[in-house]
Engineer: 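Have a look at this one.
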Amino acid sequence: MDKFDGRLTKDGIRIHSDGDFAGMHKAGALAARILDDIIPMIEPGTTTEAIDAEIERRVTEAGATSATIGYKGYQHASCISVNHVVCHGIPGPKTLKDGDILNIDVTVIVDGWFGDTSRMYVAGKLGRKSERLIEITHDALFKGIEAVKPGNTFGDIGFAIQSFVEGHRMSVVRDFCGHGLGQVFHAPPNVLHYGRAGTGPVLEEGMFFTIEPMVNLGRPETKVLADDWTAVTRDKSLSAQFEHSIGVTADGCEIFTLSPAGKFHPTYG
Ligand code: MF3
Ligand code: CO
Ligand code: CO
């Protein structure tokens with residue numbers, strides 16, 4: 001049996017073919033480019049629904065499809081999570097104010113492949129505590145990515161993220177996780193952002209999944225608001241998140257959602 005035969009592992013994780021990487025690369029690049037292109041809109045006075053409308057326009061203009069519009073009844077092309085919102089913030093008429101930090105999460109479908117990425121932005125001037133939170137969350141994602149290579153386990157990814165974050169006296173959200181993806185939005189496995197080294201399924205070349213740690217300045221607990229989507233920190237502390245879609249290669253991984261402009265991290269721009 002060819003090692004790249006589209007088979008499922010015993011944990012139900014799809015092993016993709018060499019050619020599938022090109023499909024993911026194209027989808028990931030579009031999602032990342034859209035996150036680059038909206039950077040100038042992020043300023044005090046802008047509403048999150050105006051940002052979402054621009055994202056939807058750019059998805060359509062590219063001839064792609066939004067994966068989130070119509071997903072379990074969700075009606076927007078992005079999730080926009082401001083300050084103590086952990087994830088799945090619904091775009092709306094509220095205006096951004098100076099110092100707000102926000103995660104924007106976009107998933108597009110290009111030729112049947114899903115590209116899912118999110119990153120942090122700041123409206124106006126970035127505060128010291130917010131900057132530290134964003135820095136640690138960004139670096140935590142890359143600690144996870146560095147643990148990705150055939151033979152390592154999903155537990156190694158979670159351990160790398162958790163130990164780094166807790167070493168900086170911040171907390172990792174347990175209630176949401178990364179996920180397999182490819183020609184579907186969410187597939188096995190659940191990619192936990194905490195865990196023990198050496199546990200969980202073994203990574204194999206051809207696995208596609210997201211890593212998307214959410215980090216809180218305070219405690220890790222979250223609750224979902226009455227709109228059934230918006231997840232917030234229970235203690236109202238600030239929360240940050242970064243997400244990449246990646247594919248396991250022979251000696252590491254390919255990041256499908258790299259920023260074409262090199263502006264993934266808000267303070268690099
Ligand atoms: N993009 C999110 C993820 O990283 C999922 C959003 S689902 C939505 O998995 F319906 F809330 F948009
Ligand atoms: Co995701
Ligand atoms: Co996402």
Side-chain angles (χ1 to χ4, degrees), residues 13-14 24 27-36 38 48-49 51-56 58-59 64-82 85-92 102-110 113-121 137-138 140-142 144-145 148 154 157-158 161 172-193 207-215 222-232 239-248 253 255-259 264:
I13 305 168
R14 189 163 298 284
M24 287 299 286
L30 175 64
R33 179 158 62 80
I34 292 171
L35 291 187
D36 283 352
I38 58 167
T48 54
E49 68 192 3
I51 299 165
D52 180 72
E54 180 61 20
I55 291 170
E56 184 176 350
R58 286 175 182 274
V59 173
T65 306
S66 164
T68 52
I69 297 174
Y71 176 77
K72 296 186 177 172
Y74 195 78
Q75 293 175 2
H76 305 272
S78 62
C79 297
I80 303 185
S81 303
V82 183
V85 178
V86 173
C87 63
H88 301 163
I90 301 174
L102 52 150
N103 174 278
I104 304 183
D105 190 337
V106 171
T107 310
V108 297
I109 313 171
V110 178
W113 296 98
F114 285 68
D116 184 7
T117 182
S118 80
R119 63 175 88 148
M120 296 302 293
Y121 299 80
T137 309
H138 173 273
L141 168 59
F142 279 85
I145 289 173
V148 176
F154 280 94
I157 299 173
I161 293 168
V172 174
V173 169
R174 310 286 206 275
D175 301 335
F176 301 91
C177 56
H179 49 93
L181 83 174
Q183 289 179 301
V184 292
F185 196 173
H186 294 106
N190 287 331
V191 180
L192 305 182
H193 304 113
M207 289 179 174
F208 296 166
F209 54 88
T210 72
I211 306 179
E212 48 182 298
M214 286 139 276
V215 174
T222 70
K223 67 176 181 195
V224 175
L225 301 185
D227 61 24
D228 275 344
W229 283 105
T230 312
V232 300
S239 187
Q241 178 179 27
F242 285 87
E243 174 176 26
H244 271 315
S245 296
I246 67 175
V248 183
C253 69
I255 303 174
F256 298 125
T257 45
L258 282 177
S259 162
F264 189 66

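These values consider heavy atoms only, across backbone and side chains, with no hydrogens, waters or symmetry-generated copies. Order of appearance sets the numbers: ligands from 1, and atoms from 1 within every ligand.
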Engineer: Run the numbers for me: atoms of ligand 1, each under 4.0 Å from some heavy atom of Thr107, listed by number.
Structural biologist: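 Reading through ligand 1 atom by atom, the close ones are 1 (N).
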
Engineer: Please check if the side chain of His88 supplies one atom and the backbone of Cys79 the other of a donor-acceptor pair under 3.5 Å.
Structural biologist: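 No; judged by distance alone, with no hydrogens or angles, the pair does not exist.
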
Engineer: Could you check whether atom CG of Asp175 has more than 12 heavy atoms from other residues, nucleotides or ligands sitting under 6.0 Å from it?
Structural biologist: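 Check passes, neighbour count above 12.
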
Engineer: With atoms numbered from 1 as shown, which atoms in ligand 1 lie under 4.0 angstrom from a non-hydrogen atom of Cys79?
Structural biologist: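 Taking each heavy atom of Cys79 in turn, ligand 1 has 6 (C), 8 (C), 11 (F), 12 (F) under 4.0 Å.
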
Engineer: Between the side chain of Ser78 and the main-chain N/O of Val106, is any donor-acceptor distance below 3.5 Å?
Structural biologist: no

Engineer: Hey, is ligand 1 close enough to His186 that some N/O pair sits below 3.5 Å?
Structural biologist: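 Between His186 and ligand 1 (N or O atoms, distance only) the closest approach is under 3.5 Å.
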
Engineer: Quick check on the Co ion (ligand 2): does His179 put an N/O/S atom closer than 2.8 Å to it?
Structural biologist: yes

Engineer: Near His179, which atoms of ligand 1 are under 4.0 Å from a heavy atom of that residue?
Structural biologist: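 Reading through ligand 1 atom by atom, the close ones are 3 (C), 4 (O), 9 (O).
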
Engineer: For atom 3 (C) of ligand 1, find the nearest protein heavy atom and state the residue, atom name and distance (0.1 Å precision).
Structural biologist: Asp116 OD2, 3.4 Å

Engineer: Look up atom CD1 in Ile157 and atom CG in Leu141, then write down how far apart they are to the nearest 0.5 Å.
Structural biologist: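 Going from CD1 on Ile157 over to CG on Leu141, the span is 10.5 Å.
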
Engineer: Looking at Thr257 and His244, would you say the former's side chain and the latter's main chain have a donor-acceptor pair under 3.5 Å?
Structural biologist: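 No.
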
Engineer: Which residue supplies the protein heavy atom nearest to atom 4 (O) of ligand 1, what is that atom called, and how far is it?
Structural biologist: Glu212 OE1, 2.8 Å

Engineer: Using the Co ion (ligand 2) as the vertex, how large is the angle between OE2 of Glu243 and OE2 of Glu212, rounded to 10 degrees?
Structural biologist: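 Rounded to 10°, it measures 80°.
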
Engineer: What protein heavy atom lies closest to atom 12 (F) of ligand 1? Include the residue and the distance to one decimal.
Structural biologist: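 Residue, atom and distance for the closest contact: Thr68 CG2, 3.0 Å.
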
Engineer: Is the shortest N/O to N/O distance between Glu243 and ligand 1 below 3.5 Å?
Structural biologist: yes

Engineer: Considering only N, O or S atoms, which atom of Asp116 is nearest to the Co ion (ligand 3)?
Structural biologist: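 In Asp116, the heteroatom (N, O or S) nearest the Co ion (ligand 3) is OD1.
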
Engineer: Will you find, in the side chains of His76 and Glu56, an N or O donor that is under 3.5 Å from an N or O acceptor?
Structural biologist: no

Engineer: Do me a favour and list the nearest non-hydrogen protein atom to atom 5 (C) of ligand 1 with residue, atom name and distance?
Structural biologist: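 Among all protein heavy atoms, the one nearest atom 5 (C) of ligand 1 is Phe185 CZ, 3.7 Å.
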
Engineer: Give a yes or no on whether Asp105 keeps an N, O or S atom under 2.8 Å from the Co ion (ligand 2).
Structural biologist: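 Within the cut-off used here (under 2.8 Å), Asp105 places no N, O or S atom near the Co ion (ligand 2).
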
Engineer: Can you measure from CD1 (Ile13) to CE (Met207) and round to the nearest 0.5 angstrom?
Structural biologist: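 Those atoms lie 4.0 Å apart.
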
Engineer: Students often mix this up, so state it plainly: with edges at 30° and 60°, are the rings of Phe264 and Phe142 parallel, tilted or perpendicular?
Structural biologist: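 Rings of Phe264 and Phe142: perpendicular, over 60°.
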
Engineer: Do Tyr71 and His186 have their ring centres less than 6.0 Å from each other?
Structural biologist: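 Between Tyr71 and His186, the centre distance is under 6.0 Å.
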
Engineer: Does any N or O of ligand 1 fall below 3.5 Å from an N or O anywhere on Asp105, backbone included?
Structural biologist: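 By distance alone, the answer is yes.
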
